[in-house]
Amino acid sequence: MIRVYNTLSKSKEPFEPVTPGKVGIYLCGPTVYKPSHIGHMVGPVIFDTIKRYLTYSGYDVTLVVNVTDVDDKLIAESSERKIPMAELAAEMTADYMNNLAALGVDAIDHFPRCTEHMDEIIRFTSTLIEEGFAYESSGDVYFEVGNVADYGKLSHQGAEALQGDGGGMAERKRAGADFALWKSAKPGEPAWDSPWGSGRPGWHIECSAMSRRLLGETFDIHGGGLDLVFPHHENEIAQSEACHGKPMAKYWMHNGLMQASSEIGKVGGRHTRAVEGDLATQEVGKISKSKGSSAFGEMLREFPGETIRFFLLSTQYRRPIDYSETRIREVDTGLETFYRFFKRYERVTGSSFYQIRPPATRDAGDFQPGDDAMLQTVAEHRARFLEAMDDDFNTAGGIGALFDLVRRLNKFIEDEKLEEPKKPDTTKLAALQQGTTTLCELAAALGLFRKPPQEMPAGAHELTGKLLDLLMEIRADARKAKDFATADRIRNALAELGVTLEDRPGGTEWSID
RNA sequence: GGCGCCGUAGCCAAGCGGCUAAGGCAGCGGAUUGCAAAUCCGUUAUUCGCCGGUUCGAAUCCGGCCGGCGCCUCCA
């Protein structure tokens, strides 16, 4: 039984889709006016993982992530850069897509764009006017919050607490809290024809319109960052439920936000963010409001996508994550444990970890450990992984089980001396393969270890490899002759260049950091 | 001011009423190694911000306090 935390009820609820066996998920995606930063990647990675896990659990899942390509911020940015809004949107959408690909986010089925759904948006708005939930005012259309009895139910605030001053459009609104469904265009702004004159959609309406078209009037999961609870999702619920007279989504899931953290903050003790030097200007806070939030594309030059994915999954999704390079490096060190095991697995079995075709569902992955002690613990760790993930997709708990699993497998290789040149015991080998297949199966449910980590740039590779092999040969001769001074000199010199040597019974292996 | 989240070892982080408080990073000891690296074993929280309360039993529930953070009209 999978349980999910629902913002609507503020509690974990058993997961039962509206239609048995099928799951529709709508995640609020980016407004494409600037290159994305790491904060934008949290939701996609989490929900990509949630889809994988639900699929693994036997559901037929559709995941939709919208792309908002008309908006005041796009208009402002495009006029500043003196390029058409569509061109800006195309450029930033491409940036977004590249970033998702690098993170292994490829489970998204649809990326609906606002500009491609104007008819649906206009139809939605018209219905709301006809039903008396919205009104036209000087070419704008506003949703009348006062006509919805339960307005505020998602953010758990009373309507009176949500009375704003109406912002710049106060004179056109009946009440301060009313929000725009349609905004009339000023001269020169991108505009679409509508029954209320030329204009563009307000911020919230596109999600209501596009989710209805792709997932129906009531779907299963609506997700987004915690910062979207109010006003964005509150307004989506209000307009969709007013329009359809039924719940918009069964479960509302919100991920915690990425915090920008200073690198040297934690010297004096907990929560002292003592800073000095240039970092003094960088306070802890939302990364989207941090001046230091650099484009995600630049980050990918420093860290592999899989490392960042692993970093994001190493915390429960509802909690905030402090971003720091130090933390990413720590997490990267942990990942090495897995990569090294995969190489070891290949040395022992002669076949690549990445060739394993793991069971695609949890039912298929169930196996009988029999009286093999190693396989029994593998089964236990697997159960622990599933238990964690069933509990509101606790990826951090699941990853803990994965670490235990590799350690058990490494221990098995040592205990059974599988790495020694002697003839391999086929029964033991089969057990190792079963255990490793389980590791592969569970990791795949998190979208991890699906292909080998990125190697060093190809150009330098060939010659470097040959030179290193030559050095290994010379060093092997020196060691054979007990000339350890020479052997150590080679190893130390290479270490300074970032090349690590590992002497094994079968020969020396080198790797470049 | 209103609504809400968080405070678990040196750092990061699971656990959210009852087995010995997961796991990672860092450190230390041992096995292994010519020495290393890697791997394995052991070790690092009698205790979960502080103070009360509920309970046979609390890191987990309730109240108060201290500390950090988010949202409150366009940020994922």
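Numbers restart at 1 for each chain; the letters A, B, ... are given by sequence-line order, proteins then strands.
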Aromatic plane relationship, A:H222 with A:Y26 - under 30° parallel, 30 to 60° tilted, over 60° perpendicular: tilted
d(CE, A:M253; C1', B:C5) in whole Å: 17 Å
Pi stacking test for A:F403 and B:G24: under 5.5 Å apart, planes under 30°: no
Short side-chain N/O contact from A:R479 to OP1 or OP2 of B:C35, under 4.0 Å: no
With A:D404, the salt bridge (Lys or Arg N to Asp or Glu O under 4.0 Å) member among A:R382, A:K411, A:R384: A:R384
Of the listed nucleotides B:C25, B:A37, B:G70, the one nearest the side chain of A:T337: B:C25
B:U8 to B:U60 separation - P atoms, rounded to the nearest Å: 13 Å
Separation of atom NE2 in A:H254 from atom P in B:C3, rounded to whole Å: 19 Å
Donor + acceptor pair across side chains of A:W203, A:D72 (<3.5 Å): no
Side chain of A:E330 - closest among B:A76, B:G7, B:C11: B:C11
A:R408 vs B:C40: side-chain N/O to OP1/OP2 distance below 4.0 Å: no
Touch class at under 4.0 angstrom, heavy-atom based, for A:K34 against every strand present: nothing
base_contact_polar (B:C5 base, A:R318 side chain, donor-acceptor, <3.5 Å): no
Touch class at under 4.0 angstrom, heavy-atom based, for A:L501 against every strand present: base
Minimum-distance nucleotide (side-chain atoms of A:R475 versus B:C40, B:G34, B:A76): B:G34
Sugar-phosphate only, base, or nothing, as touched by A:E509 at under 4.0 Å among non-hydrogen atoms: nothing
